[in-house]
Structures are given as structure tokens and as C-alpha cells.
There are 2 protein chains.
Amino acid sequence: MLPCMDDSVDLSIVAEVSRDPRATLAQLSERVGLGVSAVQARLRRLESTGVITGYRAIIDPQAVGRTLSAFIEITPLDPRQPDVAPELLEHLDAIEACHSIAGDAAYILFVRVATPRDLEALIRDIRLAASVSTRTTVVLQTFYENRPMALAPGSAPG
Amino acid sequence: MLPCMDDSVDLSIVAEVSRDPRATLAQLSERVGLGVSAVQARLRRLESTGVITGYRAIIDPQAVGRTLSAFIEITPLDPRQPDVAPELLEHLDAIEACHSIAGDAAYILFVRVATPRDLEALIRDIRLAASVSTRTTVVLQTFYENRPMALAPGSAPG
DNA sequence: CCTGAAAACCATGCATG
DNA sequence: CATGCATGGTTTTCAGG
């Protein structure tokens with residue numbers, strides 16, 4: 001199933017709700033120039049068809065004690081084994097993202113922990129849980145992240 | 001300024017609003033066991049002190065035509081130059097995140113584009129805008145991303 | 001700092017162009 | 001598929017503990 005959008009009004013709704021998902025339907029409706037009920041119906045369709053897959057608050061990692069973040073590239077020790085590493089690691093909640101990549105490693109993770117010792121423990125857990133070697137790159141400073149997608153009209157092929 | 005939280009009620013609010021920022025104050029208030037007004041006041045304080053820095057809708061990249069994502073490591077051609085690359089690249093809205101890292105490269109970017117040709121153009125733009133060399137790792141599959149932070153009580157040092 | 005209540009506002013469903 | 005209205009729920013503010 002490949003979710004898809006109808007027109008530029010949907011695109012505007014997605015752009016607005018992407019930036020400010022707590023806006024009221026009334027606010028959205030005047031920003032996109034449509035009645036409240038119409039906006040509500042479209043928003044619900046965008047949610048149920050999987051264009052909008054969820055909502056998040058963005059939390060300052062410092063404020064919740066996750067001061068250290070890192071990228072961890074992982075490679076299965078046994079190259080014949082199937083691609084089960086992501087499932088084997090899913091329970092480790094320090095892992096924020098997991099992608100398979102075209103490069104030296106098989107996967108890359110983005111993780112957040114409190115201390116270097118927590119990072120050490122996490123790496124050990126990852127190695128044990130998924131039987132992989134790891135290569136860790138520590139983040140020194142985050143300039144920006146979670147930037148909302150810029151959705152120019154016409155940038156979405158049907 | 002280092003934002004910080006008072007107690008476990010704030011932590012619960014952050015955890016809940018992180019997972020579901022469109023929940024009503026009434027819903028939050030029964031999840032954390034406090035009156036609606038108290039929850040509202042705390043939520044506003046968490047926002048104004050920078051613990052909650054914003055809200056986002058999570059959009060299926062496929063649905064908006066961003067089918068290709070990648071990590072781009074960049075290194076300034078002139079190692080003496082100050083750390084201006086992040087500002088020089090900020091206008092490129094295909095860039096979702098920018099971190100400085102401890103590793104071979106100086107920075108790592110996470111980017112989303114529509115096509116390989118767009119990626120090619122983006123890499124050229126990055127090289128020109130910031131006078132950097134690049135090393136690109138294409139994402140083949142995203143297993144998960146944007147996972148909400150798990151906030152166990154007591155995991156946030158004061 | 002929390003509570004509770006009054007007023008303004010918003011979401012929701014349905015009937016209608 | 002969009003609109004406008006009625007209604008029940010939600011947010012907001014403020015007085016009081």
C-alpha cells in the first residue's frame with residue numbers, strides 16, 4: 001500500500017499539521033481556505049490512509065537526561081544470516097531509529113543515552129542481542145534535527 | 001540554559017504528550033492523576049522552559065514524494081575554517097538533521113529527496129554552499145525512526 | 001501549587017446544496 | 001465533496017484554598 005494525496009489542499013494540510021499538529025481545525029481551515037468539516041474529513045482520511053502516521057512532541061534530550069547521542073553502524077558477524085537485527089534490537093529503547101544502508105555496514109542506528117557508561121552498556125547489549133560488530137560515532141553537537149519536511153506544491157508525484 | 005523538570009508528574013506528562021501530543025487536557029489529567037488546570041499549567045511551563053520544544057506530525061515520506069533518504073558526512077576543505085557549515089546549509093530543506101560528530105568527518109546530515117538525481121543535485125549544492133567534501137550513505141530501508149523517548153521515572157537527573 | 005466552576009471555544013455528525 | 005448548524009466536550013481564566 002502506497003499512501004498518496006489528492007491535491008494541493010491535502011498538501012497544505014499536511015504541511016501545516018506537520019509544523020503544528022496541535023492547531024485547531026478552525027485554525028487549519030482558515031490557513032487552507034476550506035470549511036472546518038471539510039478539513040476534518042481530509043485530515044481523518046490522511047490519517048487513515050497512512051499519509052500521517054502519528055504525532056510527537058519534541059523533547060529537549062537534556063531535560064530528560066539523554067545528553068549523549070550517537071550513530072552506531074552494525075554488521076552481522078554471520079553474513080549469511082537473514083535480516084533480523086532490527087527486530088532483535090527493537091526492545092532497546094535507547095534506539096531511536098534503525099535503517100539498513102548501502103555502505104560498509106549493514107545497518108545504522110541512532111541512539112540516545114545519559115552517560116558514556118550507558119553507551120558502553122548499550123553497545124554491549126546490541127552486540128549480544130543481534131550478534132553484530134559495531135562502529136560507533138559519537139555526536140558532539142546537534143545543530144538541528146526533526147525539521148518538518150518542506151512540502152512545495154507539485155513536489156509530490158501521484 | 002539547561003531546561004529541567006520538577007518531578008515525576010512532569011515526567012509523566014512529557015511521556016504522554018511525547019507519544020500523543022493531540023490528547024486533550026482531560027485525557028492527560030486522568031492519566032497523570034491531576035486536575036485539568038494543573039496539567040495545563042504544567043504543560044505550559046514545560047513548553048515555555050524549553051523542555052517541550054515543539055510538536056510534529058509524522059508524515060509517510062513516500063506519500064509526499066521523498067522516497068530516498070541518506071546520510072551525508074561532510075568535511076570542510078579548509079580545516080582551519082570556523083564551524084559555519086550548519087548555518088550555510090540550513091536553507092537546504094532536504095536536510096532534516098545536522099550534527100557535528102567525533103569521527104572521520106566533521107558533520108553528518110540526514111537528508112530526504114525524491115530521486116537519485118535530486119540527491120546528486122543536493123550533494124552538489126552542499127559542496128558548493130559549505131566548501132566541503134562529502135561521503136554519502138544511501139538508506140535502503142527504514143525499520144523504525146522517530147520512536148518516542150522512553151522516560152522511566154528516575155532516569156532524569158536533576 | 002492545586003481545585004472547581006463559568007464562559008468561550010472547538011469537534012463532531014447530520015442535513016443540505 | 002463542501003457547507004452550516006446544533007450539541008456535547010474542551011480549553012481557558014479566575015477566584016479561592
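In what follows, chains carry the letters A, B, and so on, assigned in the order in which the sequence lines appear, proteins first and then strands, with residues in each chain numbered from 1. Keep in mind the model is a prediction, meaning the values are calculated, not measured.
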Looking at Q40(A), does any N or O in its side chain come under 4.0 Å of the phosphate oxygens OP1/OP2 on dT12(C)? yes

If you only use heavy atoms from C-beta on, which nucleotide in dT12(D), dT3(C), dG13(C) is closest to the side chain of R44(A)? dG13(C)

Can you check whether R42(B) has a side-chain N or O nearer than 4.0 Å to OP1 or OP2 of dC1(C)? no

Extract from the structure each pairing of a protein N or O with an N or O of nucleotides 4-6 of chain C at less than 3.5 Å, listing the distance.
residue: dG4(C); atom: O6; partner: S37(B); partner atom: OG; Å: 2.8

L43(A) CG to dC10(C) C1': how many Å, rounded? 14 Å

Carboxylate-amine/guanidinium contact D118(A) R66(A), below 4.0 Å: no

D78(B) atom CG, over 12 foreign heavy atoms within 6.0 Å: yes

Smallest heavy-atom separation, I52(B) atom then A57(A) atom, equals CG2-CB, 4.3 Å

Taking all heavy atoms of S69(A) and all of R112(A), pick out the closest pair and write down the distance. CB-CG, 4.1 Å

Criterion side-chain contact (heavy atoms from CB on, under 4.5 Å) on L119(B) and V138(B), from CA distance to verdict: CA-CA 10 Å; L119(B) 182 57; V138(B) 169; 4.1 Å; yes

Reckon R45(A) touches a base, only the sugar-phosphate, or nothing at all at heavy-atom distances under 4.0 Å? nothing

Decide, yes or no, whether a salt bridge links D7(A) with R45(A) under the criterion of side-chain N to carboxylate O below 4.0 Å. no

Can you list, in residue-number order, the parts of residues 17-32 of chain A that come under 4.0 Å of DNA chain C, counting heavy atoms only? T24(A), L25(A), A26(A)

Find the bend of the helix from dC1(C)-dG17(D) to dG17(C)-dC1(D) as the angle between its two terminal axes (five pairs each), to the nearest 10°. 30°

Quick one: do F71(B) and F71(A) satisfy ring pair (Phe, Tyr, Trp, His ring centres under 6.0 Å)? Show the steps, please. CA-CA 11 Å; F71(B) 293 94; F71(A) 292 94; 5.7 Å; yes

I'd like to know if E96(B) and R56(B) make a salt bridge, using a cut-off of under 4.0 Å between side-chain N and carboxylate O. no

Pair T134(B), R127(B) - check side chain to side chain donor-acceptor pair (under 3.5 Å), show working. CA-CA 7 Å; T134(B) 64; R127(B) 285 205 264 241; 3.1 Å; yes

Verify side-chain contact (heavy atoms from CB on, under 4.5 Å) between R147(A) and E90(B), making sure each step is shown before the conclusion. CA-CA 10 Å; R147(A) 298 216 298 178; E90(B) 204 164 8; 3.5 Å; yes

